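Here the structure comes first, spelled out in structure tokens, and everything after it is commentary.
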Amino acid sequence: MDPTLYATAKAVHIVGFISWFAGLFYIVRLFIYHAEASERPPAERDILLPQLELMAGRLWKIITVPAMVLTFAAGLTMVVGAWPLGPWLHWKFVWLAMLLVYHHGCGVIRKRQLARTFTWTSSRLRGFNEIATMLMVAIVFTAVFKSAMTAAYGVIGMLGLGVSLMMGIRAYRKVRERADAEVSSATAERPISRSAP
């Protein structure tokens with residue numbers, strides 16, 4: 001393959017990959033906000049939910065899905081130009097298959113939130129969000145080092161990162177609950193000031 005065409009495909013692949021992950025990270029944040037908005041009083045919920053659903057729909061259709069298509073089109077162009085494939089690329093295909101399953105899961109969540117039938121809590125969605133981070137780390141390390149052994153280290157690193165992130169999420173939740181409890185108790189103990197007649 002012409003080196004200029006290969007370099008162009010590689011640049012487009014990287015831009016697509018960055019855009020795809022930006023979309024995946026942001027849409028799950030919107031899912032979290034949607035789950036939290038569902039617990040708000042009806043007046044707030046009736047305003048927030050349609051707006052979050054509109055934002056998620058635009059993000060999905062205008063950025064996330066087109067970026068995925070661009071990433072795969074440029075990636076396939078590179079694969080054709082780099083034939084025969086090294087063993088490291090087989091690992092990358094495994095991570096990409098897992099990423100496609102995750103992407104599909106995001107699409108299902110978006111549709112269920114739109115139908116108001118999705119029941120996951122915001123904390124469960126935060127855990128779900130970390131799957132994309134782990135896959136991104138595995139894909140990048142495999143692609144940069146181009147080694148099957150590095151892919152094995154990537155799996156170990158991905159699992160370690162996953163455990164660390166879950167522990168961090170739990171610690172954050174405890175800190176947040178403690179802070180909310182302190183605010184609630186401070187509000188309850190505050191004397192009600194009455195104006196003089």
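Just so we're clear, the structure is a prediction, and the values are computed from it rather than from any experiment.
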Minimum-distance pair of heavy atoms, taken over all atoms of Ala143 and Trp88
CA-CZ3, 3.7 Å
Is the count of non-hydrogen atoms from other residues, nucleotides or ligands lying under 6.0 Å from [X] atom [atom1] greater than 12?
X	atom1	answer
Arg173	CZ	yes
Arg40	CZ	no
Arg170	CZ	no

If two hydrophobic side chains count as joined below 4.5 Å and joins carry through other members, does [X] share a cluster with [Y]?
X	Y	result
Leu100	Trp91	yes
Met55	Leu24	yes
Val12	Ile18	no
Val140	Leu135	yes
Val15	Ile62	no

Within residues 50-62 or reaching into it, pairs that qualify as side chain to side chain donor-acceptor pair (under 3.5 Å) - sequence neighbours excluded:
His34-Glu53, Glu53-Arg116
For Phe72 and Trp20: C-alpha separation, side-chain torsions, deciding distance, then whether ring-ring contact (aromatic ring centres under 6.0 Å, His included) applies.
CA-CA 11 Å; Phe72 272 92; Trp20 187 14; 5.8 Å; yes
Partners passing ring-ring contact (aromatic ring centres under 6.0 Å, His included) against Phe118 (at least two apart in sequence or in another chain)
Trp120
Under a 4.5 Å cut-off applied to non-hydrogen side-chain atoms, are Phe25 and Met136 in contact?
yes
What distance separates Leu30 CG from Leu54 CG, expressed to the nearest 0.5 Å?
10.5 Å
Identify, with sequence neighbours excluded, every residue that meets salt bridge (Lys or Arg N to Asp or Glu O under 4.0 Å) alongside Glu36.
Arg126, Arg176
